[in-house]
Amino acid sequence: YNGMNTIAKTWLQFVFPTYILLLVGVIIFVSRWSSLLTRLCRRNAVAVLATLILLSYTKILETVITVFAFTEIDVGNSTANNPPVWLADGTILYAQGEHVWLLAAGIIVTITFLIPYTLILLLAPWIHAKSHLKVFAWINNLKPFLDAYQAPFKDQYRFWPGILLNLRVVLYLVFIINEGNDINVNFLTIALVLCCYIFITNRLSVYKYWPLTVLESYFLINLIFLSCTLLYIKDSPTYSKILISSGGISLVVLLGIIIYHVYVQLKGNNFLKHHVIINDRPAPVASPYVQTGLADESEKLLLNYGSCECREPLLEDS
């Protein structure tokens with residue numbers, strides 16, 4: 001609206017991710033008491049909700065870092081101590097007036113959501129190993145959500161989602177600290193961090209299936225290429241052509257991924273029409289990885305015991 005200041009705009013940045021988190025919380029709570037909602041959500045609901053939480057995390061992290069960022073304004077040759085101002089708006093004194101309430105909200109969100117979410121994803125494998133102790137038994141209730149993040153990774157690298165979150169935090173901090181200075185530092189930081197990450201990921205083979213490693217490496221290399229292009233030939237007439245070509249190739253790859261998953265779902269539904277009844281129940285349908293021989297032991301066990309019992313409710317009861 002007309003007259004909206006930076007404070008109001010920053011408050012609005014909290015609204016949508018908070019709405020998403022509340023919606024996820026309501027769905028989880030209601031699913032514990034409604035078997036109908038659980039059946040409607042089915043097995044893919046956990047992955048969708050986990051993705052929404054991750055998207056909310058990214059937006060909230062960006063907003064909180066913006067709230068905490070400050071700078072100082074040098075006034076000529078004055079030797080007086082200049083009070084810090086908010087980096088997002090130099091006309092607002094830091095931690096004074098309306099900004100105090102923003103700081104309080106940022107601290108609350110950091111303590112109640114950002115830090116616990118990051119630490120749980122990073123330390124979940126070690127906490128789960130101690131889940132037989134009463135103090136760590138709560139981790140079992142989060143297992144469906146943790147599986148949604150950790151499923152693509154090998155068992156010894158199930159902490160990798162936490163590594164990715166910490167890398168995201170580091171990049172955001174670099175961008176905030178360097179804001180207003182040489183923008184080339186940001187592009188070089190992105191390129192350096194991503195190159196190291198790609199090397200380590202391929203060296204360790206953290207993913208269960210090699211196509212995931214190939215796809216992730218492609219998209220990250222494409223991001224590095226775009227960063228270098230923006231850094232060195234932004235003013236060149238070929239820049240727009242390179243940008244369109246890179247984006248077009250990525251779009252084709254993305255469409256290929258979508259088509260593949262649609263094909264897998266259609267193939268699975270066709271297989272379902274010819275299922276065999278065992279003990280008055282439909283036999284569970286193998287996932288595409290089981291059918292192609294790429295599944296690990298946990299997925300084969302899931303098939304043997306049936307997927308219905310493994311997905312009700314959305315969060316397990318302790």
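Owing to the predicted nature of the structure, the values given are computational and were not obtained by experimental measurement.
When all heavy atoms of Leu102 and Val67 are compared, the closest pair comes out as O-CG1, 3.5 Å. Minimum interatomic distance between Pro17 and Lys59 (heavy atoms only, all atoms of both residues): CG-CG, 4.1 Å. When all heavy atoms are compared, the tightest approach of Thr6 to Thr10 is O-OG1, 2.8 Å. The nearest pair of heavy atoms linking Leu122 to Phe159 is O-CB, 3.3 Å. Of all heavy-atom pairs between Ala50 and Ala148, the closest is CB-CB, 3.8 Å.
Atom CD1 of Ile224 is separated from atom CD1 of Ile198 by 4.0 Å, given to the nearest 0.5 angstrom. To the nearest 0.5 Å, atom CG of residue Leu212 and atom OG of residue Ser217 are 10.5 Å apart. Interatomic distance, OG of Ser246 versus CD1 of Ile221, reported as 11.5 Å (0.5 Å rounding). Atom CD1 of Ile139 and atom NZ of Lys130 lie 14.0 Å apart (nearest 0.5 Å). Going from atom CD1 of Ile7 over to atom CG of Asp89 covers 7.5 Å, rounded to the nearest 0.5 Å. Atom NZ of Lys9 sits about 14.0 Å away from atom OG1 of Thr63, to the nearest 0.5 Å.
Tyr117 is listed as a side-chain neighbour of Leu54, based on a closest heavy-atom distance under 4.5 Å. The side-chain heavy atoms of Thr91 and Val85, taken from C-beta on, include no pair separated by under 4.5 Å. Residues Thr58 and Tyr172 have side chains in contact (heavy-atom distance under 4.5 Å, counting atoms from C-beta outward). By the 4.5 Å heavy-atom criterion applied to side chains, Val206 and Ile200 are not counted as neighbours. Taking the side chain as every heavy atom from C-beta outward, Thr189 and Leu192 never approach each other to under 4.5 Å. No side-chain heavy atom of Val174 sits less than 4.5 Å from a side-chain heavy atom of Val193. A 4.5 Å side-chain heavy-atom check between His128 and Asn140 finds at least one atom pair inside the cut-off.
Counting non-hydrogen atoms of other residues, nucleotides and ligands closer than 6.0 Å to CD of Glu98 gives a total of 12 or fewer. Heavy-atom neighbours of Trp126 CH2 from other residues, nucleotides or ligands within 6.0 Å: above the threshold of 12. By the 6.0 Å contact criterion, CZ on Phe70 is open, its count of non-hydrogen atoms from other residues, nucleotides or ligands being 12 or less. Under a cut-off of 6.0 angstrom, the local environment of CZ in Phe219 is crowded, with over 12 non-hydrogen atoms contributed by other residues, nucleotides or ligands. Around OH of Tyr218, the count of heavy atoms belonging to other residues, nucleotides or ligands within 6.0 Å exceeds 12.
A donor-acceptor distance shorter than 3.5 angstrom exists from the side chain of Lys208 to the backbone of Ala151, with no hydrogens or angles considered. Within the 3.5 Å criterion, the main-chain N or O of Ile127 finds no donor-acceptor partner in the side chain of Ser131.
With hydrophobic clusters built from ILVMFWY side chains whose heavy atoms lie under 4.5 angstrom apart, Phe16 shares a cluster with Leu52. Residues Tyr207 and Ile257 fall into different hydrophobic clusters, defined by Ile, Leu, Val, Met, Phe, Trp and Tyr side chains chained together at heavy-atom separations under 4.5 Å. Criterion: ILVMFWY side-chain heavy atoms under 4.5 Å apart, direct or through other members. Under it, Val64 and Val100 are not part of a common hydrophobic cluster. Residues Leu22 and Tyr57 do not share a hydrophobic cluster, defined by chaining ILVMFWY side chains whose heavy atoms lie under 4.5 Å apart. Hydrophobic clustering (side-chain heavy atoms under 4.5 Å, transitive across Ile, Leu, Val, Met, Phe, Trp, Tyr) keeps Val169 apart from Ile108.
The side chain to side chain contact (heavy atoms under 4.5 Å, CB included) test with Lys143 singles out one residue from Asn141, Asp147, Leu146, and that residue is Asp147.
Aromatic ring pairs are classed by plane angle as parallel below 30°, tilted from 30° to 60° and perpendicular above 60°; the pair Phe14 and Trp11 is tilted.
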Determine, stepwise, if the pair Trp138 / Ile120 fulfils side chain to side chain contact (heavy atoms under 4.5 Å, CB included).
CA-CA 11 Å; Trp138 54 268; Ile120 287 174; 4.1 Å; yes
CA sep, side-chain torsions, deciding dist, call: Ile163, Trp160, side chain to side chain contact (heavy atoms under 4.5 Å, CB included):
CA-CA 5 Å; Ile163 296 292; Trp160 208 254; 4.3 Å; yes
Tyr149 vs Leu164, side chain to side chain contact (heavy atoms under 4.5 Å, CB included): CA-CA, chis, key distance, verdict:
CA-CA 11 Å; Tyr149 296 117; Leu164 294 176; over 6 Å; no
Please assess Leu103 against Phe68 for the test side chain to side chain contact (heavy atoms under 4.5 Å, CB included), listing each intermediate value before the final yes or no.
CA-CA 7 Å; Leu103 274 179; Phe68 288 158; 3.5 Å; yes
